[in-house]
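Read through the structure below, which is laid out as structure tokens, and then see the notes.
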Amino acid sequence: MWFKDKLNPEKIKSDNTKSLHSIGIEVIGHLPHLDLPKFRQPIEIGKRTMVLTALFQLHLEAPRDFIHKWISDNGLQDSLVEKEKTFLKTDYKDLPEQDQIDIYWYVEAIWAFAWVGGLHNRLTLNTPVEDSLAQIMPNIAKNEKAESFIENFKPRKEKEIFSTLDRFYRAHWFARNNNLVGVKSDKVDLDIIMERRKVLEYVCYAHEEWDEISLDT
């Protein structure tokens, strides 16, 4: 009989703190360990990935009606959060600037979800999405369906995902503190960390709604 690795948040905190220190990312010792996770089901993760992938096409100037139809045809309407439903009721150019910015940053979340699904191994704290993402996701412009992606979405081991979330959480503190005191570091990018951490929080804590996830440090 196979047993899952037991998660020890305190040890994961300690290991990540030491690892981050070793590469010059200083993290305060009293930053708490994370709560034990309750992981979200793969099908829900796969659907969220597809919703974001579809909505990101709006930034790429895809017709709103086409994206709305693709989401409907692929049975993803119930996976939209309320704010995302408004994106499909208004032309992209007429959306508030902050909404356009939010949609632009979806690409970072999609990249993080692809990592969770084992589709690449390059979820860093400071480097942008790679061009290979286009080959990883269904081609919505060609009306490729979401079903195969969702059905075949198999997350990495829970311990690896949770440990990576803890690492991002601690690096987030470092990046945010640098931002507050006006210090620059090429080891972290605050925006990248925030978008990728949000995905990891969503995956690890099934009770958290996508549009209500807290990114406190």
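Put simply, Tyr169 and Ile23 are part of the same group of oily side chains (I, L, V, M, F, W, Y) that touch within less than 4.5 Å, one to the next. No single ILVMFWY cluster, assembled from side-chain heavy atoms under 4.5 Å apart, contains both Leu60 and Ile101.
Under the side-chain hydrogen bond (donor to acceptor under 3.5 Å, both in side chains) criterion, Tyr92 pairs with His59, sequence neighbours left out.
Lys47 has no carboxylate O lying under 4.0 Å from a charged side-chain N of Asp78, or vice versa, which leaves the two without a salt bridge.
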**Request:** Would you sort out whether His172 and Leu215 count as a side chain to side chain contact (heavy atoms under 4.5 Å, CB included), showing the intermediate values?
**Result:** CA-CA 9 Å; His172 189 178; Leu215 294 178; 4.0 Å; yes

**Prompt:** Where do Arg156 and Asn121 land on the side chain to side chain contact (heavy atoms under 4.5 Å, CB included) test, with the steps shown first?
**Reply:** CA-CA 11 Å; Arg156 295 168 178 268; Asn121 297 308; 2.7 Å; yes

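Using bins of under 30°, 30° to 60° and over 60° for the plane-to-plane angle, the ring pair Tyr205/His207 lands in the perpendicular bin.
Arg48 places none of its side-chain heavy atoms less than 4.5 Å from the side chain of Glu44. You'll find the side chain of Glu208 stays beyond 4.5 Å of the side chain of Tyr202, heavy atoms only. Between Asn74 and Met50 there is no side-chain heavy-atom pair separated by less than 4.5 Å.
Under the side-chain hydrogen bond (donor to acceptor under 3.5 Å, both in side chains) criterion, the residue pairs touching residues 17-37 are Ser19-Arg167, with sequence neighbours excluded. Among pairs with a residue in residues 127-138, those fulfilling side-chain hydrogen bond (donor to acceptor under 3.5 Å, both in side chains) read Arg122-Glu130, Thr124-Thr127, at least two apart in sequence or across chains.
Smallest separation of non-hydrogen atoms from Leu31 and Thr217: CD1-C, 4.0 Å. Closest heavy-atom contact between Leu34 and Pro9: O-CB, 3.3 Å. For the residue pair Ala114 and Leu133, the shortest heavy atom distance occurs at CB-CD1, 4.4 Å.
Taking the centre and axis of the six-membered ring of Trp105, the NZ or CZ atom of Lys198 falls outside the cone set by 45° and 6.0 Å.
Partner of Asp102 under the side-chain contact (heavy atoms from CB on, under 4.5 Å) criterion, out of Glu97, Lys83, Glu195, Glu84: Lys83 alone.
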